[in-house]
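Before any comments, here is the structure.
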Amino acid sequence: TSVGQSLPYDELVLAIGNVSSINRIPGAREHAIACSHIAGAERAAQQLQRLDALNLPSRPVVLIGANFVGLEVLGEILRRYRRQWRFQLTVVDSQGVMLPTYRGLDAWLREQCHGLDIEWRMGEKVTGITRDKVELESGASLDSRLTLWCGGNMPHPLPAAAGLGGAGQHTPVLSTLQSTQDPHIW
């Protein structure tokens, strides 16, 4: 338990989900808005509205993660601001294309964004985030007045700590979802 108490069990269903990968990148938790929950999405919407209303020569926004959450955020930005586009949006993702299992989606989305000030930095990894910059593994530094974190999730550390799998890896299971390490854990 959270207070260190052990509980006996005959069979255990371990359904704890993943955790955000935001802690893996220096400065991400402090300087980016995590869009993986409702409160974060609402905060992102408020900050986009505030940024749009400011009389600035540039409004750089960096969206990290072109996964399902990231593309949902991108779609909402397009829906709300397409007609009076004032952002310089950069989409960053470590994969070379958006959602590669959906063939053709990458090209289709880029076409939907044609004519807007959107830069695609696919196949690039974020190494750090500050108040007004996003640093990439390539050495590039992106200006950002607003950084939106949709960078995905990673396995919860509890199963690895319990000896059920490797650190940072999904817990290995059989086709029945039973643990490969303990036949009483599912």
Side-chain angles (χ1 to χ4, degrees), residues 15-54 56 58-102 105-114 116-138 140-158 168 170:
I16 55 176
N18 291 325
V19 295
S20 174
S21 60
I22 197 168
N23 293 323
R24 288 183 147 180
I25 304 299
R29 179 157 304 283
E30 298 82 11
H31 303 292
I33 297 175
C35 297
S36 57
H37 47 82
I38 291 173
E42 288 173 343
R43 184 170 166 231
Q46 291 168 351
Q47 292 301 313
L48 281 162
Q49 188 174 26
R50 182 191 63 77
L51 182 59
D52 185 53
L54 293 174
L56 299 171
S58 70
R59 296 173 180 90
V61 176
V62 177
L63 172 62
I64 301 168
N67 51 30
F68 288 112
V69 173
L71 296 182
E72 181 71 25
V73 169
L74 175 61
E76 191 59 22
I77 293 170
L78 293 172
R79 186 185 71 75
R80 289 185 182 198
Y81 298 103
R82 172 183 289 272
R83 292 180 191 206
Q84 293 182 333
W85 190 263
R86 290 189 278 267
F87 300 118
Q88 295 75 45
L89 178 64
T90 303
V91 179
V92 181
D93 195 275
S94 61
Q95 295 194 54
V97 296
M98 293 175 266
L99 297 175
T101 54
Y102 297 92
L105 179 64
D106 185 274
W108 183 82
L109 281 170
R110 288 176 190 246
E111 179 59 32
Q112 299 305 305
C113 297
H114 181 75
L116 301 175
D117 192 355
I118 298 178
E119 179 182 6
W120 306 94
R121 302 295 294 249
M122 305 307 291
E124 299 224 38
K125 293 183 179 180
V126 174
T127 58
I129 300 174
T130 64
R131 185 176 58 79
D132 58 0
K133 298 275 186 204
V134 174
E135 305 295 335
L136 303 180
E137 190 174 62
S138 65
S141 181
L142 308 173
D143 290 336
S144 183
R145 285 192 154 277
L146 177 60
T147 303
L148 304 174
W149 181 268
C150 305
N153 297 310
M154 58 188 214
H156 196 288
L158 179 65
H170 289 285

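All values below come from the heavy atoms of this structure, side chains included, with hydrogens, waters and symmetry mates left out.
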Review point. Taking only residues two or more places apart in sequence, or in another chain, which ones meet Y81 in a ring pair (Phe, Tyr, Trp, His ring centres under 6.0 Å)?
Key: F87

Exercise for review: Answer yes or no: are there more than 12 heavy-atom neighbours, outside I38 itself, under 6.0 Å from its atom CD1?
Suggested key: no

Review point. Just by distance, with hydrogens left out, do Q46 and R43 show a side-chain donor and acceptor under 3.5 Å apart?
Key: no

Practice item. Without swapping roles, check the side chain of R59 against the backbone of L51 for a donor-acceptor pair under 3.5 Å. Key: yes

Review point. From R50 CZ over to L146 CG, what is the distance, rounded to the nearest 0.5 angstrom?
Key: 7.5 Å

Review point. For the atom pair OH (Y102) and CH2 (W108), what is the distance rounded to the nearest 0.5 Å?
Key: 14.0 Å

Check your understanding: Crowded around Q84 CD? As in, over 12 foreign heavy atoms under 6.0 Å?
Key -> no

Point to revise | Heavy-atom neighbours of Q112 CD exceed 12 at 6.0 Å | key: yes

Practice item. Determine the minimum heavy-atom distance between D93 and A66, stating which atoms define it. Key: OD2-N, 2.6 Å

**Study point:** Step-by-step side chain to side chain contact (heavy atoms under 4.5 Å, CB included) determination, I33 to W149
**Key:** CA-CA 6 Å; I33 297 175; W149 181 268; over 6 Å; no

Check your understanding: For C150 and N67, what are the C-alpha separation, side-chain angles and deciding distance, and is it a side chain to side chain contact (heavy atoms under 4.5 Å, CB included)?
Key -> CA-CA 7 Å; C150 305; N67 51 30; 4.1 Å; yes

Revision key, fill the gap. dist I129:CD1 -> L142:CG (nearest 0.5 Å) comes out at 10.0 Å

Exercise for review: Check whether any side-chain heavy atom of V61 sits under 4.5 Å from a side-chain heavy atom of R145, and report yes or no.
Suggested key: no

Which atom pairs, donor and acceptor, lie under 3.5 Å between side-chain atoms of residues 70-79 and protein residues at least two apart or in another chain?
residue	atom	partner	partner atom	Å
E76	OE1	R79	NE	3.2
E76	OE2	R79	NE	3.2
E76	OE2	R79	NH2	2.5
E76	OE2	R80	NE	2.9

Review point. Hey, is CZ on R82 packed in by over 12 heavy atoms from elsewhere, all under 6.0 Å?
Key: yes

Practice item. Using modelled atom types only, decide if a donor and an acceptor are shared between the side chain of S58 and the backbone of P60 within a distance under 3.5 Å. Key: no

Review point. Which distance, rounded to the nearest 0.5 Å, do you find between the CH2 of W85 and the SG of C113?
Key: 7.0 Å

Study note, to complete from the structure: CZ (R29) and CD1 (I22) are apart, to the nearest 0.5 Å, by 5.0 Å

Point to revise | V92 side chain near L63 side chain, heavy-atom distance below 4.5 Å | key: no

Would you tabulate the side-chain donor-acceptor contacts of residues 117-128 under 3.5 Å, counting partners in other chains and residues two or more places apart, or write 'none'?
residue	atom	partner	partner atom	Å
E119	OE2	R121	NH1	3.1
R121	NE	E124	OE2	2.8
R121	NH2	E124	OE2	2.9
E124	OE1	S138	OG	2.9
T127	OG1	E135	O	3.3

Check your understanding: Between CG of L116 and CZ of R110, what distance do you get to the nearest 0.5 Å?
Key -> 13.5 Å

Review point. Does a side-chain N-to-carboxylate-O contact under 4.0 Å join K133 and D143?
Key: yes

Check your understanding: Is T147 close to I64 at the side-chain level, that is, under 4.5 Å between some pair of heavy atoms?
Key -> yes

